[in-house]
Amino acid sequence: MKREDYINWDAYFMGIALLSAERSKDPNTRVGACIVSEDNKILSVGYNGMPMGCSDDEFPWSREGNPLDTKYPYVCHAELNAILNFAGNDMKGAKIYITLFPCNECAKALIQKGIKEIIYMSDKYAETDIVIASKRMLDAAGVNYRQYNSINKEIILSL
Ligand SMILES: O=c1ccn([C@H]2C[C@H](O)[C@@H](COP(=O)(O)O)O2)c(=O)[nH]1
Ligand SMILES: [Zn+2]
């Protein structure tokens, strides 16, 4: 008889997003993303990090101070990395599992790539203009978004 306590698709793909986030060097917010086709095939993954050639030991990770001495102008967002890491050429109709609600810039890229559903975990910046603008664009473009079911929030990885 088959096992019945296997994880569902959402837990599986959010688990991969969470594991990807563990690769991030950001000391404050680790973000992971997993792009999945309509038929539940993984298309790409990504996490927030410095662009290639920009050493994550040399570029800043601060949040405050002179803008050029903070991480913000440099760090490549998890969703953008997942889009750029995609080896195929069509992700229309795909979904993305993300550990943090996407910013306005990532929302633009997701819309333009034809992503149709966003499943996110944290929405800790919901009150910011960046996320309000992001939701405004996603709503206009008909991209659905929903929070990952909190009942399954704890994803334990062990053998
Ligand atoms: O859509 C997004 C928004 C943010 N990120 C990354 C960028 C930064 O590395 C962190 C946010 O850092 P804070 O210290 O919480 O401001 O998250 C992302 O990957 N995708
Ligand atoms: Zn972003």
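Remember, it's 1-based here, ligands and their atoms both numbered in the order they're listed. Predicted model only: the values in this text are computed from it and were never measured.
- The atom name of the N/O/S atom in H77 closest to the Zn ion (ligand 2) is ND1.
- Under 4.0 Å is where a charged nitrogen must lie from a carboxylate oxygen, and between R63 and D69 no such pair does.
- Looking from atom 20 (N) of ligand 1 to the surrounding protein, the closest heavy atom is E79 OE1, 2.8 Å.
- Side chains of T29 and K124: a donor-acceptor N/O pair is present below 3.5 angstrom, by distance only.
- Within 6.0 Å of atom CG in D129, 12 or fewer heavy atoms from other residues, nucleotides or ligands are found, so the atom counts as exposed in its surroundings.
- Nearest protein neighbour of atom 6 (C) of ligand 1, counting heavy atoms only, is N48 ND2, 3.6 Å.
- Here atom 11 (C) of ligand 1 lies nearest to T29 when heavy atoms of V75, T29, I98 are compared.
- Checking only distances, N28 does come within under 3.5 Å of ligand 1, N or O to N or O.
- When H77, M50, K25 are ranked by how near their heavy atoms come to atom 18 (C) of ligand 1, first place goes to H77.
- Scanning all protein heavy atoms for the shortest distance to atom 19 (O) of ligand 1 gives A78 N, 2.9 Å.
- In summary, E38 and K95 do not engage in a salt bridge, as defined by a charged side-chain N under 4.0 Å from a carboxylate O.
- Heavy atoms of Y125 approach ligand 1 to within less than 4.0 angstrom.
- Applying the 4.0 Å criterion to heavy atoms of Y72 picks out, from ligand 1, the atoms 13 (P), 14 (O), 16 (O).
- Within the 6.0 Å centre-distance limit, the rings of F101 and Y145 are counted as a close aromatic pair.
- With hydrogens and angles left out, the side-chain atoms of S37 and D39 include a donor and acceptor closer than 3.5 Å.
- At least one N or O atom of C103 sits closer than 3.5 Å to an N or O atom of ligand 1.
- Taking a cut-off of under 4.0 Å to the non-hydrogen atoms of D26, the atoms of ligand 1 that pass are 8 (C), 9 (O), 10 (C), 12 (O).
- A donor-acceptor pair under 3.5 Å links the side-chain atoms of N81 to the main chain of Y47, judged by distance alone.
- In this model, a donor atom of one side chain and an acceptor atom of the other lie less than 3.5 Å apart for D10 and Y97.
- Nearest to atom 12 (O) of ligand 1 by heavy atom, out of R30, E64, K71, R63, is K71.
- Put simply, the side chain of E79 never gets that close to the backbone of C106: no donor and acceptor are under 3.5 Å apart.
- Looking at ligand 1, you won't find any N or O of C76 less than 3.5 Å from one of its N or O atoms.
- Atoms of ligand 1 lying under 4.0 Å from at least one heavy atom of V31, given by number and element, are 5 (N), 6 (C), 17 (O), 18 (C), 19 (O).
- Within the listing of ligand 1, atoms 1 (O) sit less than 4.0 angstrom from a heavy atom of P102.
- When only modelled atom types and interatomic distance are considered, N48 and S24 share a side-chain donor-acceptor pair under 3.5 Å.
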